[in-house]
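Below you'll find the structure, written out as structure tokens, and then a few comments.
Only this structure's heavy atoms are used, side chains among them; waters, hydrogens and symmetry mates stay out. None of the values given here were measured: they were computed from a predicted structure.
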Amino acid sequence: MSDLNAFRNETRDWLEANCPESMRTPMSQGDVVWGGRKVEFKDPDQKLWMDRMGEKGWTCPTWPKEYGGGGLNFEENKVLQEELMRIKARPALNSFGIWMLGPALLEYGTEEQKMQHIPKIVKGEIRWCQGYSEPGSGSDLASLKTKAEDQGDEYLINGQKVWTSYADECDMIFTLVRTGPLEPKHEGISFLLIDMDQEGVTTKPIKLISGKSPFCETFFDNATAPKENLVGGLNKGWSVAKRLLQFERNMIAGMGFGSASSGSSKKSDAKPSSGLATMAKRYVGEKEDKLNDSGLRNKIIDHDMNSQAFALTLRRAAEESKKSNQGPSAASSIFKYYGTEHNKLRYEIMLEAMGTNALGWDGAEFGPEELAITREWLRTKANSIEGGTSEVQLNVISKRVLELPQ
Amino acid sequence: MSDLNAFRNETRDWLEANCPESMRTPMSQGDVVWGGRKVEFKDPDQKLWMDRMGEKGWTCPTWPKEYGGGGLNFEENKVLQEELMRIKARPALNSFGIWMLGPALLEYGTEEQKMQHIPKIVKGEIRWCQGYSEPGSGSDLASLKTKAEDQGDEYLINGQKVWTSYADECDMIFTLVRTGPLEPKHEGISFLLIDMDQEGVTTKPIKLISGKSPFCETFFDNATAPKENLVGGLNKGWSVAKRLLQFERNMIAGMGFGSASSGSSKKSDAKPSSGLATMAKRYVGEKEDKLNDSGLRNKIIDHDMNSQAFALTLRRAAEESKKSNQGPSAASSIFKYYGTEHNKLRYEIMLEAMGTNALGWDGAEFGPEELAITREWLRTKANSIEGGTSEVQLNVISKRVLELPQ
Amino acid sequence: MSLVLNEEQSYLKDTARDFAKNKTPVSHFRGVRDSENPECFDREIWKEMANLGWSGILIPEEYGGSDFGVAGIGVIFEELGRTLTPSPMFSTAVVCASLIKEAGNEDQKKEYLTKIASGEMTLAFALEESSRHSPTNLETTAKKDGDSYIINGKKTFVLDGGFADFLIIAADTGKGTSLFIASKDAKGIDIKVTPMVDSRNAANISFKDLKLSSSNLIGEENGSDQIIEEVLDISRSVISAEMFGGIQEAFDVTLNYLKERDQFGTKIGSFQALQHRAAIMFSEIELCKSCVLESLTSFDEGSNDIPRLASLAKAKIGEVFHLVSNEAVQMHGGIGVTDEYDIGFYLKRARVAEQIFGNVQFHKDRYAELTGY
Amino acid sequence: MSLVLNEEQSYLKDTARDFAKNKTPVSHFRGVRDSENPECFDREIWKEMANLGWSGILIPEEYGGSDFGVAGIGVIFEELGRTLTPSPMFSTAVVCASLIKEAGNEDQKKEYLTKIASGEMTLAFALEESSRHSPTNLETTAKKDGDSYIINGKKTFVLDGGFADFLIIAADTGKGTSLFIASKDAKGIDIKVTPMVDSRNAANISFKDLKLSSSNLIGEENGSDQIIEEVLDISRSVISAEMFGGIQEAFDVTLNYLKERDQFGTKIGSFQALQHRAAIMFSEIELCKSCVLESLTSFDEGSNDIPRLASLAKAKIGEVFHLVSNEAVQMHGGIGVTDEYDIGFYLKRARVAEQIFGNVQFHKDRYAELTGY
């Protein structure tokens, strides 16, 4: 314990000395630092903060030191996160490399692959995107058609991916490709890393019902990748893919929950309050402290209770996995399913509370926050589709967790 | 139209002259007249009323006159029902023969079968029960094992049925039996009428979670039936069965709805009122006319609205089928599904309103009506199982109505 | 009331279906939206609709209409709702035409109803003042000043308010609500178009010392509360019919998708979980159909349950439109959330239409109050 | 609070699980029910439970208990809830033991807590007065009369009230609520057993000029409102744990049935519609588990959110118990509704347990009020 206290003191001192003041202020969507070759910093402090944290490995605090990670154990990382939160530090670096590719490489990559790719993820030097889905493949990911042909030293890649987030801003893409056209569906797939800075790779943004989006279509037209970029072995990409999906689910569930809980989460001695109810009162009014719309009030109660119950469940899962010392399991489907459905419901409730004020598309007659909620409401509709639909999650739960016959 | 008016006047006069005063009073469960050889009338007026209506064929008003039915058309029957309702006449006769077997025989029976069985249904001389389900067959009706072996003039029947309502009080049973043990599942089934007054047929009551029930197990141990009792042809019983199930669904949906709608159904100029809300106010109290429990109130609103919407839909279906002049179709699954689920919900709402007063099992500390509601609440749980589970109805809707791929 | 259409209504419905299919399929709506025409509708199409007599369905024959009744215009809206046809017909030919028909004097009827029926004039009803429907206790006031009225206040969510030729304004005149009609160009009127998520036209409108002569008063001073309520019920019923059209189309499109889309080597419509959800939706849609028909015919047949039936329809259809539009997007998967695909339009329309003259909860509460609890 | 059990709690839970499995499987409950023993529990079994120290879990060591805390007794109840074990433990060792521990004086604690811990005495709490939980504004009054109190009033839904040796009575003493303890045989007490749908023991109890000496007063006169509320929260949390046990068992039994039952030539658990419903239930059960654990540990760890967590647990578990017990019966089909089969017991228990110290809606409202809306 005294070790941990010492660690806390060191950490606090280091953060005090190294986290620029401007990186302790609230941030907007546009302030997120994703790193990569094409990064444009809005503020030199962003780069300073990313570089310093990357150097220490604290952008990926629990990853092994030999690959540039922080090498912290569970308890130490908890301390680090607490200390970061204490000074309200912004995340130094976000990336799909951190959330998804890195954890998968640590499990499935060769020593060379780890040495080559992970330090660059930690330091924010390379920005990754994900190339899984294809037009028409939908939930049936394994029906993918993008093919990688063996050309001796390298693979020749042809095909198309969709839903590749931020593809137009990324340096590298981790993809599922078909390398065994004659094998059974799941057994002819490989996991391949492809450099996007080549002529054979082009991207095109996708517009959503909510408007502009980070999603792109990505086209491979005689693109190439060296053979050492194959992860997990030839035609064995499906196992890597499934594992990576669990990391993704975990992340999406966490994000969905993040916004959903903001209302009813509660800190130590703070008086409990409800973000939804406070907002609803502003639009609907109140009477003796109670929201002036009993139907809406009951929906908010249900939602708040479930937010708290879900937050407790995420915490419990963390405590349990700390005990068993494992990464996300099939149970992550529960979080993905529940978190995204819960988040969708949250926005439906906001819409009900705000009435016509939540139905503007643009213009000065609506507040910027109102317009953002409208767009975000539409955006949430994709939550239960991306990263595996709710239906797929329920299939996974019934198959892997409940072990029901298939 | 003037014909119809004349018919109304005649009907009104006849009812005035023939419906005993005591048959115009509210009835309890025990006052239902089911007819049959073993009938015991609680009141001689019951017999008088049954006989008079049976004689006129008005126990089955739309059935053809040649088989003892009333021979009325849609409009005339509507008038008859209105006139019966006007004087609050009790149903003269209820029976599974009227609801299910009769309509099926009219479609599938031979001339001899119709002549032999239908008049006795109309007059209440023979009481029928239904022998479909078997232990273990569940929703998969066609997996039935009770076998009927060809013995020349007659069939020899061995096996067991369950869920045979009132089997211990009935004279005859219409059954599904396996006559083609080597045929594919659905193609080896026949529809057979069996006399229960024989040594080879015994019954045993089934106790439900709600307590005593009319359901029985029925055992066939070398029972016999003459060959002319086969309906619809050898090994062709499945078509008869499916059709009969539609009649059953229709009946159950109607019953479920009957009780569910009593609250919010509304007559001509009567001020609209809600049975659920009135009852809930008694237990929960009110404030400025509004129920003192906003959550419960919202549930009652939803239920009342759906009761009215469902009642309108039943009426619309009747108007439409009058136009197309057909009996119940696959759409009857919608009524069975919705009606029974809706009725289950109704009792859950009553329980919520009545609190601990709805949780008594017996004893003088609870009102008789309260005890009845508790039992009925438990009884409703079987609504969505008997006559084809809700799941089966949804399968039928998606297959036959929506024509989704199987 | 009748739950089966009569011949005249069936004819109107068929005509509307053909029109929507050929003249205003969803691609028409998309075209109008993408043209960024701020009016959000196509005047040529509106002219054709008027030529078919649709703008005069609720207007008596003496003023150039056909007087085919609420059910008649309702079945047209059902078909237009299927393809999301944008037009000023709801505000002009349903809401405002009914207000003038019920409250207007002979001169006003001649002046306005005739021009509505002919399709030359569009109108909008300036009623709402906050983000949720609240037709009473208005803060917009009209103060008598000699033979004139001075109107001050702010209105919001005025459907078609951005470009209608005339506005009917609901204002408090001290002892009740009064209705006034004014040209959109009158001095003292400030119109701010509010681009909505469903790409239809609405506006926030403020009145600053708007001066109107007493000939602009429609109906009695202080005497229009009851008439407004009656016209709102007609309007709620008709908009429910439009929404019901949207429900059906979103469901049909989704059903087709379930039958055609391959996944895991089979049609996704063969997955039982989706089948059951579709079957449950279908049952709900059957209930909606009955509610809409009963409400639409209740006006023409003189039911004594008109307000309750209007609230039943608006609440039930509102709820099921959300259910179906949400499920439609979810069942379409990824393409369902792209702007390129049409199904998201129904999601957007459902939320805006829900707010028109009372959201789901408003009508649930009203239903309960009218039922005595 | 901790969401993972500590060693001591895990041990208690394992012991309770073994006990329930071996001594009180559901067949034990069925046997008690069918014996028509009006007490609705088996005194031998209760003795064994006391011998295991369970009746003293909440009682300090100085009075013969183990003081293992609310989470300790909660995990025992979870296991007892799985097999529907009937016993007077909840009323005696949770509700009344807590009341005396919190409000009683030294003499009373010595007298009653010791006997509760040893299992020789059962008690019941006479609080409710109407068909729905309402712990305030009591109509039962206790009037001071010299050194005595005269109690008049009617109580209902007194759990274990039919046969408990002593009653703790909540009564209005003019400026607040006071607690009194009385032998069931005292003059002026009339006990009517009310056979409940879950075959547990409850009673309606009326007091007519029941005269009690001031030594029967537990706690301060007029001073027990806060203590009652605190003890109610403990009791709500523990009964939620029992209910959660029932949820899990009903779900597990159903899951097994889905894996074993053949229909249409396949296991019914392979039907996707049932799979999804099972998966959704499982997700809800995971949430319930967290709510129960957090609430149970909140007492022992001194949370500042105890009341809200108790309401969260009681409301959420109440709702999910209905969902799961309804689905369990439905998924069992025909046998599910027969008395011969056990699954219906959970349906019945769910409804009665929901009513104990506040139904779902009561706790939803309370949760909202505690959250400021």
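- With sequence neighbours excluded, the residues satisfying salt bridge (charged side-chain N to carboxylate O under 4.0 Å, His left out) with B:Glu341 are B:Lys344.
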Quick one: do B:Lys290 and C:Glu369 satisfy side-chain contact (heavy atoms from CB on, under 4.5 Å)? Show the steps, please.
-> CA-CA 8 Å; B:Lys290 286 194 191 173; C:Glu369 279 158 29; 3.2 Å; yes
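- Atom OG of C:Ser290 sits about 10.0 Å away from atom CD of B:Glu319, to the nearest 0.5 Å.
- With respect to chain B, the highest number of heavy-atom pairs below 4.5 Å among C:Leu370, C:Leu274, C:Ile280 belongs to C:Ile280.
- At a 4.5 Å heavy-atom cutoff, the contact between B:Lys281 and chain C is made by side-chain atoms alone.
- Note: B:Asn395 leads B:Val401, B:Val396, B:Asn298, B:Asn395 in heavy-atom pairs under 4.5 Å with chain C.
- Interatomic distance, CG of B:Leu312 versus SG of C:Cys288, reported as 11.5 Å (0.5 Å rounding).
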Taking it one step at a time, do C:Glu294 and B:Arg315 satisfy salt bridge (Lys or Arg N to Asp or Glu O under 4.0 Å)?
-> CA-CA 11 Å; C:Glu294 183 79 354; B:Arg315 221 185 74 209; 3.3 Å; yes
C:Leu293 vs B:Arg316, side-chain contact (heavy atoms from CB on, under 4.5 Å): CA-CA, chis, key distance, verdict | CA-CA 9 Å; C:Leu293 276 170; B:Arg316 181 164 62 81; 3.8 Å; yes
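- Neither the backbone nor the side chain of B:Gln393 comes within contact range of chain C; no heavy atoms are under 4.5 Å apart.
- Within 6.0 Å of atom CZ in B:Arg400, 12 or fewer heavy atoms from other residues, nucleotides or ligands are found, so the atom counts as exposed in its surroundings.
- Residue C:Gln272 holds its CD atom at 8.0 Å from CD of B:Glu391, rounded to the nearest 0.5 Å.
- Shown here for C:Thr371 and B:Ser273, the closest heavy-atom pair between the two residues is CG2-C, 3.5 Å.
- In the displayed structure, C:Tyr11 atom OH is contacted under 6.0 Å by at most 12 heavy atoms of other residues, nucleotides or ligands.
- Taking 4.5 Å as the limit, some side-chain heavy atom of B:Leu404 sits within range of a side-chain heavy atom of C:Lys259.
- Residues C:Tyr373 and B:Asp304 form a side-chain contact, since some pair of their non-hydrogen atoms from C-beta on lies under 4.5 Å apart.
- Put simply, the side chain of C:Phe251 reaches to within 4.5 Å of the side chain of B:Leu402, judged on heavy atoms.
- Chosen from B:Ala309, B:Ser398, B:Ala277, B:Pro405, the residue pairing most often with chain C at heavy-atom distances under 4.5 Å is B:Pro405.
- For the pair C:Lys289/B:Thr313, no side-chain contact is recorded, criterion being any heavy-atom separation below 4.5 Å from C-beta on.
- Contact between B:Pro272 and C:Asp305 at its shortest, heavy atoms only, is CG-OD1, 4.2 Å.
- Residue B:Asp302 touches chain C through its side chain alone, counting heavy-atom pairs closer than 4.5 Å.
- The choice from B:Leu291, B:Asp289, B:Ile301, B:Ile300 that makes the most heavy-atom pairs within less than 4.5 Å of chain C is B:Ile301.
- With 3.5 Å as the limit, one finds no donor-acceptor pair spanning the side chains of B:Tyr338 and C:Glu286.
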Go through the steps for C:Asp365 and B:Arg297 under the test side-chain contact (heavy atoms from CB on, under 4.5 Å), then give the verdict.
-> CA-CA 9 Å; C:Asp365 281 327; B:Arg297 178 171 176 269; 2.9 Å; yes
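- Interface residue B:Gln406: backbone and side-chain heavy atoms are both found under 4.5 Å from chain C.
- A distance of 7.5 Å separates SG in C:Cys291 from CD in B:Gln308, rounded to the nearest 0.5 Å.
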